[in-house]
Amino acid sequence: MSDLLGAVVYGVVAGMLLGLAVWGFVRRRRAAPESPGHVATRPEEETARTELRRLARQLDRDRDELSAQGHKAEAAYRARAAVAQWQRLVAAQPGRYQGERHAALVRLSELLVETGRPEEAARVRQEAAEVAWRGSRGPTLPGHPPPARPGPDTAPPKPPSSGTGRRG
């Protein structure tokens with residue numbers, strides 16, 4: 001009788017430990033993201049992001065091919081569409097795809113200059129600089145403003161010059 005009771009207790013304890021281990025693994029997998037920009041998502045959302053990424057890369061390739069063939073206006077149109085796709089991906093996962101978005105903005109500004117739109121190109125270059133600056137500061141999470149950008153009033157003071165120069 002004690003052997004039967006021991007086997008039952010052993011089975012119950014082993015089952016509980018196994019259930020606890022599986023529960024802990026699943027819970028940890030959901031709670032601990034794989035990277036700072038990682039967000040646990042449903043499979044449909046991941047599939048949609050994969051499709052957006054594929055489309056953005058295709059637009060980048062089309063832009064480069066059209067530009068190489070001399071169709072600068074059409075290349076600029078594709079470049080603008082690629083920027084929009086990369087922006088959607090950045091919005092879906094803050095902190096990811098910033099490099100791709102920055103590269104697309106830089107290429108768009110180059111094409112705008114080539115098509116005779118320097119003012120618009122300057123605005124796009126400014127946006128690219130802000131993306132690069134924000135990217136160097138890490139991801140901005142929804143609901144949290146980006147860090148303050150240093151301005152002329154926050155620059156460190158210059159050391160005073162003696163005005164004497166070198167004597168020789």
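Count residues from 1 along the sequence.
Listed for the K72 side chain is a donor-acceptor partner under 3.5 Å among the backbone atoms of S67.
With values rounded to the nearest 0.5 angstrom, R88 atom CZ is found 8.5 Å from L55 atom CG. Here the CD atom belonging to E130 is positioned 11.0 Å from the NE2 atom belonging to H102, to the nearest 0.5 angstrom. The structure places CZ of R96 at 16.0 Å from CZ of R101, a figure rounded to the nearest 0.5 Å.
You'll find the side chain of E114 reaches within 4.5 Å of the side chain of L111, heavy atoms only.
Here E110 pairs with R107 under the side-chain hydrogen bond (donor to acceptor under 3.5 Å, both in side chains) rule; sequence neighbours left out. Evaluation of the salt bridge (Lys or Arg N to Asp or Glu O under 4.0 Å) rule for R54 yields E51 as partners, not counting sequence neighbours. Remark: E65 pairs with no residue by the side-chain hydrogen bond (donor to acceptor under 3.5 Å, both in side chains) rule, at least two apart or across chains. Contacts of R63 classified as side-chain hydrogen bond (donor to acceptor under 3.5 Å, both in side chains), with partners at least two apart in sequence or in another chain: D60. A search for salt bridge (Lys or Arg N to Asp or Glu O under 4.0 Å) contacts involving E100 returns nothing, not counting sequence neighbours. Applying the side-chain hydrogen bond (donor to acceptor under 3.5 Å, both in side chains) criterion to R125, with sequence neighbours excluded, gives no partner residue. Taking T47 as the reference, nothing meets the side-chain contact (heavy atoms from CB on, under 4.5 Å) condition, with sequence neighbours excluded. R78 is linked by a salt bridge (Lys or Arg N to Asp or Glu O under 4.0 Å) to D62, E74, counting only residues two or more places apart in sequence or in another chain. Applying the salt bridge (Lys or Arg N to Asp or Glu O under 4.0 Å) test to R57 and every residue at least two apart in sequence or in another chain returns nothing. In terms of the side-chain contact (heavy atoms from CB on, under 4.5 Å) criterion, residue partners of V124 (sequence neighbours excluded) are, by chain and number, L105, L108, S109, L112.
Hydrophobic clustering of Ile, Leu, Val, Met, Phe, Trp and Tyr side chains at less than 4.5 Å, counting indirect connections, unites V131 with V83.
W86 belongs to a hydrophobic cluster whose remaining members, ordered by chain and number, are L52, L89, V90, Y97; membership requires side-chain heavy atoms of ILVMFWY residues under 4.5 Å apart, directly or through intermediates. Through side-chain heavy atoms spaced under 4.5 Å, either directly or across other Ile, Leu, Val, Met, Phe, Trp or Tyr residues, V106 is tied to no other residue.
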R123/Q126 under side chain to side chain donor-acceptor pair (under 3.5 Å): CA gap, chis, key distance, verdict: CA-CA 5 Å; R123 286 191 300 272; Q126 177 63 34; over 6 Å; no
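Heavy-atom contacts from other residues, nucleotides or ligands closer than 6.0 Å to CZ of R117 number more than 12.
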